[in-house]
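This is a predicted model, so every value here is computed, not measured.
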Amino acid sequence: MPTFDQALRKAGEFGRFQRRVFLLLCLTGVTFAFLFVGVVFLGNQPDYYWCRGPRATELAERCAWSPEEEWNRTAPELRTLAERRGQGHCHRYLLEATNASTELSCDPLAAFPNRSAPLVPCSGDWRYVETHSTIVSQFDLVCDNAWMLDLTQAILNLGFLAGAFTLGYAADRYGRIVIYLISCFGVGVTGIVVAFAPNFSVFVIFRFLQGVFGKGAWMTCFVIVTEIVGSKQRRIVGIVIQMFFTLGIILLPGIAYFTPSWQGIQLAISLPSFLFLLYYWVVPESPRWLITRKQGEKALQILRHVAKCNGKYLSPNYSEITVTDEEVSNPSFLDLVRTPQMRKCTLILMFAWFTSAVVYQGLVMRLGIVGGNLYIDFFISGLVELPGALLILLTIERLGRRLPFAASNIVAGVACLVTAFLPEGLPWLRTAVATLGRLGITMAFEIVYLVNSELYPTTLRNFGVSLCSGLCDFGGIIAPFLLFRLAAVWLELPLIIFGILASICGGLVMLLPETKGIALPETVDDVEKLGSSQLHPCGRKKKTQVSSSNV
C-alpha cells in the first residue's frame, strides 16, 4: 500500500504545481517583513519638536514665523541627553509669568524671551519639523509619552504571540488554507483601521489584532510550503521563503522614502494582504493535513491534480493511500512535552527562538543608534542578510541541519563577545566583526524555521512551530529594554549578554536529532524514532488503509 511520500514522489515532489504555489506563498514573507519592522518608519523621530504656551503661540502667529524660525527664536536650549538625542524640547518658557504689558518683539535681534523666565514641563501644543509625518507627531509620542512608541512594537509582538497560540492551534484543527485566508483578510482589515485610527487607544488595539493575524498568515504559509514538497526540497523552500522576508526588509525603506505620511506606509503594509485572498482558487489544502484528519480521499484528489499539473500520472495502484491509525485529536501543549524526544526538542527550540529574536533585534537596533541616513542604513542592513541564506543553501544538505545551526549561533556569540572588547580606535574592525555576528544570527534565525517544522509530526506541526516561535515574539518584546537598559550601565554590556545567549544556544542545538533527508514525521512515535534506524525515509510502521472510490 503506497504511503503519502511515495505518492508525492510519483506526482512530483517539486514540479510546476509546487513551484507555482511556493512562489505565490513566498510573497507573504514580504508583507510580513513590512509589518515586522514597519515601526522603524511609522515611528521615525521628527527632525525637531517643541511645545509652546499661549503667549508664544500668539507671537508666532503675529510674526508669521516659519516652524524653523519659531524653533530658533522661542525654544529653550536642549537640557537633557534625551532631548539632545531626540532634537526635542520637553520644557518651555513660562511666558505667562512675565508682565502682561511687556510686548514681545518680532525683531530677530531682540532677546527672546527674557532668560530669567522660568522653565516648565511641556503639557501640550506640540510643534514638529519633519519631512514625513509619523505616529510620533500624530499622537504626540515624545518626552513623557515617548515610552508609548515602544509600547506600539511591544503590542505588535504580543499580537504575534497570541496569533502563534490561537491561529497555530486553529490551523492544526480546521486546516491550513482556511486559517491562512482568514489571517490575510484580518491583516488587511485591521491594517486599514490602524491607518485611520482616531486616537492612540484604537491604534494600539488594532495593531495588536494585526499582529495576531499577521503571525497566523506567516506561520501557516510556511507550514504549507514545507508540507507540499518532498524531503529533498524542504531545505530549499524553507530558506528561500526567508529570503523573501529579507526582500521585504530591502524594499521597505524605498516605499517609506517615497510615501510622505505614516498612513500611506501603513496602507502599503496592509492592503497587499487582500490580494492573497485570490489564493483560494490556486492553493489547495495541505494533503498531509487531510491524511492526519482521516480524509485520504480528498488528499488523493489533490495529489492527482498535482500530478496532472506536473505532467505526471498516478496509476490505479494509487487509488488508496495509507494513513496512521492514531485517533484524530486536537493538539495541546502537553503533546509537545509528554514524550522524551518531543520534550527535548520543544525546550531547545523554544530557547533557540528566544535567543535568535533577542540577538537579531538587538544587533539591528544597536546599529540603528549609530546615526546616519535611516533609509540607506536600513537598506544595507537588509543586504547583509542575503549571504546568510546563500550559505545555508550551500551547506545544509551537505553538512545536515545541526552543524550549520550550531556554528551560526556560535559565530554570532563569539563575534558579539569579541566586538565588546575591541578598542574604540579600530572602528573598521569593530564594524567587520559586528557584521559577522549579524550574518551568523541571521543564519540561525532562518535555520530554526526549517528545523522546527521538520522535528514535529504533521498532527502537531503548525501548533508546535507556532508555539515555539512564540518565544521569538517574547524575545522581541524584551530586546529593546535589554539593549537600552544595559547600555546605560555599560555600552558593550548588551553585546556580552547576546554573546553568552548565542553561544549557549549553539551548544544546545547539537543535542537535536538530525533531519537531513528524512521524511516529515507524521506521528509522535515517528519523532521518538528520529536518529535511530527504526524510521525509514519512505515509510511508517503503523498503517491502515483508506480507499478512494473517486479516483
Side-chain angles (χ1 to χ4, degrees), residues 24-44 132-139 141 148-164 166-168 170-171 177-222 244-245 247-280 378 466 472-473 476-477:
L24 288 174
L25 289 174
C26 276
L27 297 177
T28 310
V30 176
T31 57
F32 183 70
F34 291 166
L35 179 62
F36 190 79
V37 298
V39 71
V40 175
F41 300 100
L42 295 175
N44 188 21
H132 294 73
S133 70
T134 68
I135 60 174
V136 174
S137 57
Q138 179 78 23
F139 302 115
L141 308 182
M148 298 169 71
L149 178 60
D150 300 330
L151 177 65
T152 63
Q153 188 65 8
I155 285 293
L156 179 70
N157 277 279
L158 282 175
F160 290 158
L161 186 61
T166 58
L167 296 182
I177 192 63
V178 64
I179 298 302
Y180 173 78
L181 294 174
I182 291 173
S183 297
C184 290
F185 181 76
V187 170
V189 171
T190 55
I192 292 174
V193 177
V194 168
F196 298 102
N199 53 59
F200 185 73
S201 297
V202 173
F203 177 92
V204 167
I205 291 172
F206 280 87
R207 186 162 170 81
F208 168 82
L209 293 175
Q210 191 173 28
V212 172
F213 290 118
K215 188 59 175 285
W218 170 240
M219 296 305 303
T220 305
C221 89
F222 188 90
F244 277 78
F245 180 91
L247 178 61
I249 292 179
I250 294 173
L251 292 176
L252 183 58
I255 295 173
Y257 182 81
F258 291 105
T259 306
S261 67
W262 72 268
Q263 289 94 341
I265 297 174
Q266 175 64 25
L267 291 176
I269 291 173
S270 307
L271 292 181
S273 294
F274 288 119
L275 296 176
F276 299 149
L277 298 179
L278 298 174
Y279 292 178
Y280 174 81
F378 200 88
S466 299
C472 164
D473 307 321
I477 293 172

Side-chain donor-acceptor distances from residues 255-262 under 3.5 Å, at least two apart:
| from | atom 1 | to | atom 2 | distance (Å) |
| --- | --- | --- | --- | --- |
| T259 | OG1 | I255 | O | 2.6 |
| S261 | OG | G264 | N | 3.2 |

Would you mind writing out the side-chain donor-acceptor pairs for residues 194-204 within the sub-3.5 Å range, not counting sequence neighbours?
| from | atom 1 | to | atom 2 | distance (Å) |
| --- | --- | --- | --- | --- |
| N199 | OD1 | S201 | N | 3.2 |
| N199 | OD1 | V202 | N | 2.9 |

side-chain hydrogen bond (donor to acceptor under 3.5 Å, both in side chains) pairs touching residues 25-44, sequence neighbours excluded, are T28-Y180
Determine which pairs satisfy salt bridge (Lys or Arg N to Asp or Glu O under 4.0 Å) with at least one residue from residues 151-164, sequence neighbours left out, and list them in order.
none
Does the side chain to side chain contact (heavy atoms under 4.5 Å, CB included) test come out yes or no for I265 and L42, once each step is laid out?
CA-CA 7 Å; I265 297 174; L42 295 175; 3.9 Å; yes
Going by the rule ring pair (Phe, Tyr, Trp, His ring centres under 6.0 Å), which residues pair with F213 if we only count those two or more places apart in sequence or in a different chain?
none
Rounded to the nearest 0.5 Å, the SG atom of C472 sits from the CG atom of N157 at a distance of 7.5 Å
Not counting sequence neighbours, which residues clear side-chain hydrogen bond (donor to acceptor under 3.5 Å, both in side chains) with S137? List them please.
E130
Between CD1 on residue I477 and CG on residue L161, distance to nearest 0.5 Å
6.0 Å
Considering non-hydrogen atoms only, spot the tightest contact between L277 and L181 and give its length.
CD2-O, 3.4 Å
I'd like to check T220 versus L167 (side-chain heavy atoms, cut-off strictly below 4.5 Å). Are they in contact?
no
The criterion is side-chain contact (heavy atoms from CB on, under 4.5 Å); which residues satisfy it with L275, sequence neighbours excluded?
none
Pairwise distance CG(L156) to CG(L209) - rounded to 0.5 angstrom
11.0 Å
Counterpart residues, side-chain hydrogen bond (donor to acceptor under 3.5 Å, both in side chains), relative to D473 (two or more places apart):
K215
With Q266, which residues qualify under side-chain hydrogen bond (donor to acceptor under 3.5 Å, both in side chains), at least two apart?
Q210, S270
I want to check something: taking the side chain as every heavy atom from C-beta on, are F36 and F245 in contact at a cut-off of under 4.5 Å?
yes
So, for F32 and F244, is the gap between ring centers shorter than 6.0 Å?
no
Who passes ring pair (Phe, Tyr, Trp, His ring centres under 6.0 Å) against F206, sequence neighbours left out?
none
Output for pair (L27 CG, S273 OG), nearest 0.5 Å, gives 11.0 Å
Would a 4.5 Å heavy-atom cut-off, applied to side chains only, mark F139 and V136 as touching?
no
Pair up each side-chain donor or acceptor in residues 183-192 with any protein partner under 3.5 Å, not counting sequence neighbours, and list the distances.
| from | atom 1 | to | atom 2 | distance (Å) |
| --- | --- | --- | --- | --- |
| S183 | OG | I179 | O | 2.8 |
| T190 | OG1 | G186 | O | 2.6 |
| T190 | OG1 | V187 | O | 3.3 |

For side chain to side chain contact (heavy atoms under 4.5 Å, CB included), just list the numbers for L271 and F274, CA-CA rounded to whole Å, side-chain angles, deciding distance to a tenth of an Å, and then say yes or no.
CA-CA 6 Å; L271 292 181; F274 288 119; 4.0 Å; yes
Qualifying salt bridge (Lys or Arg N to Asp or Glu O under 4.0 Å) pairs, either residue in residues 192-207, two or more places apart
none
